[in-house]
Amino acid sequence: MSTPEVDWPALRDVAREAMRRSYSPYSGFPVGAAALVDDGRVVSGCNVENASYGVTLCAECSLVSQLAMTGGGRLVAFACVDGEGDCLMPCGRCRQLLYEFGGDELLVDTPKGIQPMTAVLPQAFGPQHLQ
Ligand SMILES: O=c1ccn([C@H]2C[C@H](O)[C@@H](CO)O2)c(=O)[nH]1
Ligand SMILES: [Zn+2]
């Protein structure tokens, strides 16, 4: 899929649905994430917090778990929303997490428009560096 057809409004809606499943009693900051997979599947996730705050899982963690558990594949488009349903940038750790499964071509919904991972995580470290 070189220039993937992405239904961004639909992907954002899936992220908003996922956000409603958030377990975030400590921050009060629910997050939902959704991604299109190269076989047409859509995977999603929400943040899951913990009384030991640092153990918290970002929404992207649950998304990549769902990716693996539903058959793997490559991420081609990603959207993340906050509790208002507005576009949210993934944290630094999650950019790395997404890079593993989407690489440079992964398209990310940002407040500045749709951007490739090369803009979201420039000069990324990835599996290619372990060769
Ligand atoms: O990329 C991000 C950034 C933050 N959060 C969550 C973690 C925490 O539960 C809350 C506040 O940081 O937002 C995510 O799920 N993804
Ligand atoms: Zn994160």
Side-chain angles (χ1 to χ4, degrees):
M1 220 182 264
S2 48
T3 34
E5 280 295 312
V6 182
D7 185 343
W8 288 100
L11 198 60
R12 291 176 192 122
D13 278 346
V14 174
R16 290 179 188 117
E17 270 305 309
M19 180 269 289
R20 291 183 193 109
R21 306 267 180 187
S22 166
Y23 175 74
S24 44
Y26 305 108
S27 70
F29 192 84
V31 178
L36 175 65
V37 184
D38 62 355
D39 64 0
R41 248 152 73 232
V42 172
V43 291
S44 61
C46 65
N47 56 333
V48 181
E49 297 189 345
N50 193 281
S52 178
Y53 300 164
V55 178
T56 288
L57 303 177
C58 282
E60 294 83 345
C61 297
S62 99
L63 181 149
V64 299
S65 296
Q66 190 178 108
L67 175 72
M69 288 297 292
T70 58
R74 300 290 291 171
L75 302 177
V76 298
F78 173 82
C80 188
V81 297
D82 64 18
E84 306 293 310
D86 294 331
C87 181
L88 180 73
M89 289 302 284
C91 79
R93 180 177 183 273
C94 289
R95 293 178 200 200
Q96 183 69 34
L97 204 56
L98 294 168
Y99 185 77
E100 180 76 18
F101 300 103
D104 286 335
E105 285 80 42
L106 173 61
L107 297 174
V108 179
D109 193 26
T110 88
K112 295 180 177 175
I114 308 304
Q115 298 193 336
M117 273 304 263
T118 47
V120 172
L121 188 65
Q123 302 187 60
F125 172 84
Q128 68 274 19
H129 294 106
L130 299 177
Q131 300 308 310

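Only this structure's heavy atoms are used, side chains among them; waters, hydrogens and symmetry mates stay out. Whatever order the structure lists ligands and atoms in, that order sets their numbers, starting from 1.
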*asked:* For the 3.5 Å polar cut-off, considering only N or O atoms, please tell me whether Cys94 and ligand 1 meet it.
replied: no
_Heteroatom proximity flag, Glu49 to ligand 1, N/O under 3.5 Å_ = yes
*Please could you name the atoms of ligand 1 that Glu60 approaches to less than 4.0 Å, counting only its heavy atoms?*
1 (O), 2 (C), 14 (C), 15 (O), 16 (N)
_Can you confirm whether the side chains of Ser44 and Glu17 place a donor and an acceptor under 3.5 Å from each other?_
no
*Can Leu88 be reached from Leu98 by stepping across I, L, V, M, F, W or Y side chains whose heavy atoms are under 4.5 Å apart?*
no
*If you have a sec, work out which protein heavy atom is nearest atom 4 (C) of ligand 1 and how many Å separate them, to one decimal?*
Cys58 SG, 4.0 Å
*Assess the side chains of Asp104 and Thr118: does a donor N or O sit below 3.5 Å from an acceptor N or O?*
no
_Between Cys58 and the Zn ion (ligand 2), is there a contact where an N/O/S atom of the residue lies under 2.8 Å from the metal?_
yes
_Would the distance check show the side chain of Ser22 and the main-chain N or O of Cys46 forming a donor-acceptor pair, the cut-off being under 3.5 Å?_
no
*Report, in ascending order of atom number, the atoms of ligand 1 lying under 4.0 Å from any heavy atom of Pro90.*
1 (O)
*CZ of Arg21: more than 12 outside heavy atoms within 6.0 angstrom?*
no
*Ignoring hydrogens and angles, tell me if any N or O in the side chain of Arg41 forms a donor-acceptor pair with the backbone of Gly72 under 3.5 Å.*
yes
*Top protein contact for atom 15 (O) of ligand 1, by heavy-atom distance*: Ala59 N, 2.8 Å
*For side-chain contact (heavy atoms from CB on, under 4.5 Å), just list the numbers for Arg95 and Glu60, CA-CA rounded to whole Å, side-chain angles, deciding distance to a tenth of an Å, and then say yes or no.*
CA-CA 9 Å; Arg95 293 178 200 200; Glu60 294 83 345; over 6 Å; no
*asked:* Using a 3.5 Å cut-off on N or O atoms only, is Cys91 in polar contact with ligand 1?
replied: yes
*Please answer whether the main-chain N or O of Gly85 pairs with a side-chain N or O of Arg16 as donor and acceptor at a distance below 3.5 Å.*
yes
*So which heavy atom in the protein is nearest atom 6 (C) of ligand 1, and how far is it from that ligand atom?*
Asn47 ND2, 3.6 Å
*Which residue from Tyr23, Phe29, Tyr26, Tyr53 reaches closest to atom 13 (O) of ligand 1 through any of its heavy atoms?*
Phe29
*asked:* Quick check for you: with the Zn ion (ligand 2) as the vertex, what angle do SG of Cys94 and SG of Cys91 span, to 10°?
replied: 120°
*Does an N or O anywhere in Thr56 fall below 3.5 Å from an N or O of ligand 1?*
no
*Which of parallel (below 30°), tilted (30 to 60°) and perpendicular (above 60°) describes Tyr23 and Tyr26?*
perpendicular
*At a 4.0 Å cut-off, with the gap strictly under it, does some heavy atom of Ser27 reach an atom of ligand 1?*
yes
